[in-house]
2 protein chains.
Amino acid sequence: MRKQRQKATLVDVAAMAEVDVSTVSRVLRGQSEQRIRAETRERILEAAEKLNYRPNFTARSLRMSRTFTLGIVVPQLDNPVFSAAIRGAENLAAQHGYSLLISHRDLGEAATTIAKLSQMNRVDGLLVASLDADEVLHSDLAEANVPYVLLNRQLSGAPFSVVLDSREAARKATEYLVSLGHRRIGHLGGRLGGFNAAERLAGYRAALDAAGIPFDPALVTMGDYTFGAGRKAVRELVRTDATAIMAATLVSAAGAMAELRLAGWQLPEEMSVIALHDADFAEMLFPALSTVMMPTEEMGRVAADLLIRKLAGGNPEPVRALPPGSLMIRDSTVAPRPGAPRSK
Amino acid sequence: MRKQRQKATLVDVAAMAEVDVSTVSRVLRGQSEQRIRAETRERILEAAEKLNYRPNFTARSLRMSRTFTLGIVVPQLDNPVFSAAIRGAENLAAQHGYSLLISHRDLGEAATTIAKLSQMNRVDGLLVASLDADEVLHSDLAEANVPYVLLNRQLSGAPFSVVLDSREAARKATEYLVSLGHRRIGHLGGRLGGFNAAERLAGYRAALDAAGIPFDPALVTMGDYTFGAGRKAVRELVRTDATAIMAATLVSAAGAMAELRLAGWQLPEEMSVIALHDADFAEMLFPALSTVMMPTEEMGRVAADLLIRKLAGGNPEPVRALPPGSLMIRDSTVAPRPGAPRSK
DNA sequence: AAACTATGGACAATCGTTTGTTCATAGGTA
DNA sequence: TACCTATGAACAAACGATTGTCCATAGTTT
């Protein structure tokens, strides 16, 4: 037996229950329960059930001027950081009856995307992740005229951000290398000028300072966060006497390790490597990569929560910093060899 | 100077241009251009521009009973296969003015998700990816009563599928190993009973047959497609005289290589490994993994295209099979060593 | 000059909800 | 008995577009 093909509307339910649509609406929304006689409520509920009634979201949206949809803009989808954030955001959104509209356009087109989503009232608010602080983005968001939350980024003028405490994460990672006995520690960082890159560098220096190890600029290389950049950057590091590397991301660490292996280095004996962020693929590398976990899924969740609270008329705190997670000690970090450091 | 805070509606534009809203609508939708005087059109366009008018998507959706939104349901987000498919789908959808609503719930909840999205008219159609053929899914989709396309899966009763030709991909990968001189080739496959697993096995056998190599069941191990399963499965393979492995997925190949290395094997000299699918991380492994590329992004694009054509009233072909892409020869595949195969 | 026909736009209904307001009735109070 | 007050539910007006229909006007035909 087939359910009726046409979707039932409030009108249908009202007709069957012999009441007005407004009454049906009130009963089904579950609000102002007092004003409805129990017997009437029963009748309505029964009719709705029998007709398999489901509210029409579009109509509700139009009437309420709210879409109950959040947009999330990410530069790339295959990056575990973003996919975790999306997962977190979607979970929280779903809990509050919101859906997630996704857009992965890169920054060039992000402007268009943001404009489209917001100006056409497709979303109530936006979650925006980006790879590097982009000022165009900012003005577009300002003009878009919808509430938005920045992910792992702080921009002057942006109302809300949720960021990972990358300074503390970098400090923690470096501190661990120090605790293993390393004193010449390279840092494979991100673009100079980027907010997070500076934060990580600060954390790196803090750990060095705490251990009384002098800071040596020659041990710091900057690049973007790609595999290729990791490979390239490590070529500078091998000319120093570094015995360990603290890399900003998994992929740059992977690049570094690949390059070192190609150059004939024994890992981890001749070079320890630790990276920030964690994902399944850390353990697929060789040697399995030690990391400091970062709560990226949590970041997505918190950002969505912030946005939804804001939309509900709340007044959430403008910026939330999430502390790093635990140290994942795998096989890529060992104590430095007692002898002289390898030199090329 | 700030744009007016309130978004302009058709009514505002109509008032400024001193015409009826219906006229404005017709002009702005660009249709039936003949019936409007050029001078009037000018006036309307100008007013719309001046007011920075943007159509309200929700209102349009309600009136037209179409959301111009596609839902995509994936079991996981961090899997490169799915993120590529999403990327492809989103790109194509955007080209046609559609947005993508994402949902990553795993199968248990997929039912709920599907129901929610479709019954509440949030989407016009669904793109559904799953890890294993799931019958619950099917009935839920049938009841959902919206057009849908299955990704890389065929289910009896499902109206549309777009699949990757994994049989041909497996054949191609195996053929390559044969061409290198391997004759004892292991296969690390997926769950027996799964549609794709059977296809891959068939491709594997086809390549063997073509080369006149007898099929040996001992060389075939099945499991799910995870890293752990790859590790476990390879322990059986090392007891055979296999000199090469054709793995169903990147991660299972990664698992196999990790396990082999731990057992002290020299890669790729003592064991060649090739996998189906390709992603950045294939080259981050050690040794960099040879693969047969699979057009997963294309799959997403084709699926979205199919769905949109269907929604437009077209009559697209029910199933599309996409041929595998090219062979990515990296460092994990070499000719077998001339001597006797290693045995444990 | 009368009648017809395009042409250009206005009118109005509609999509399915939500929600402020009104209204009838019943019970309670003075 | 007359009046007031809750109570429960109907009425009706939105939300902002799309689209079928109708009606002037001007131009064309006979």
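Proteins get letters first, then strands, A, B, ... in listed order; numbering begins at 1 in each. Computed over heavy atoms, backbone and side chain alike; hydrogens, waters and symmetry mates excluded.
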Colleague: In terms of the nearest nucleotide of DNA chain C, which residue is placed more toward the 5' end: Arg60(A) or Asp20(B)?
Modeller: Asp20(B)

Colleague: In whole Å, I'd like the distance from the CZ atom of Arg66(B) to the P atom of dG16(D).
Modeller: 23 Å

Colleague: Just N and O in the side chain of Ser65(B): are any of them under 4.0 Å from OP1 or OP2 of dC15(C)?
Modeller: no

Colleague: For Ala38(B) and for Leu62(B), find the nucleotide of DNA chain C with the closest heavy atom, then tell me which residue's nucleotide is more 5'.
Modeller: Ala38(B)

Colleague: Tell me the interatomic distance from Arg35(B), atom CZ, to dT19(D), atom C1', rounded to whole angstroms.
Modeller: 14 Å

Colleague: State whether Arg320(B) and Glu317(B) are salt-bridged, where the test is any N-O pair (Lys NZ or Arg NE/NH1/NH2 against Asp/Glu carboxylate O) under 4.0 Å.
Modeller: yes

Colleague: Arg26(B) CZ to dT19(D) P: how many Å, rounded?
Modeller: 9 Å

Colleague: If I take atom CG in residue Leu10(A) and atom P in nucleotide dT19(C), what distance separates them, rounded to the nearest angstrom?
Modeller: 12 Å

Colleague: For Glu18(A), report the nucleic acid contact type (base, sugar-phosphate, nothing); a contact means any heavy atom under 4.0 Å.
Modeller: sugar-phosphate

Colleague: Leu51(B) CG to dG16(D) P: how many Å, rounded?
Modeller: 14 Å

Colleague: Select base, sugar-phosphate, or nothing to describe what Thr9(A) touches, counting heavy atoms under 4.0 Å on all strands.
Modeller: sugar-phosphate

Colleague: Grab the two heavy atoms, one from Ala85(A) and one from Met299(A), that are nearest each other, plus how far apart they are.
Modeller: CB-CE, 4.4 Å

Colleague: Give a yes or no on whether a salt bridge exists between Glu298(B) and Arg301(B), defined as a side-chain N under 4.0 angstrom from a carboxylate O.
Modeller: yes

Colleague: Please report, rounded to the nearest Å, how far the P atom of dG16(C) is from the OH atom of Tyr53(A).
Modeller: 10 Å

Colleague: Which nucleotide wins on minimum distance to the side chain of Pro55(B), given the candidates dA17(D), dA10(D), dT19(D)?
Modeller: dA17(D)

Colleague: Taking atom P of dT17(C) as reference, at what distance in whole Å does atom CG of Asn121(B) sit?
Modeller: 9 Å

Colleague: So, taking the atom named CE in Met16(A) and the one named NZ in Lys50(A), what distance separates them when rounded to the nearest 0.5 Å?
Modeller: 5.5 Å

Colleague: At less than 3.5 Å, do the side-chain atoms of Thr58(B) and the base atoms of dC15(D) form a donor-acceptor pair?
Modeller: no

Colleague: Distance check: side-chain N/O of Ser22(B) vs OP1/OP2 of dT19(D), anything under 4.0 Å?
Modeller: no

Colleague: Of the nucleotides dT19(D), dA10(C), dA9(D), which has the atom closest to the Met64(B) side chain?
Modeller: dT19(D)

Colleague: What's the CZ-P distance between Arg43(B) and dG8(C), to the nearest Å?
Modeller: 13 Å

Colleague: Quick one: does Ser161(A)'s side chain have a donor or acceptor within less than 3.5 Å of a partner on Arg153(A)'s backbone?
Modeller: yes

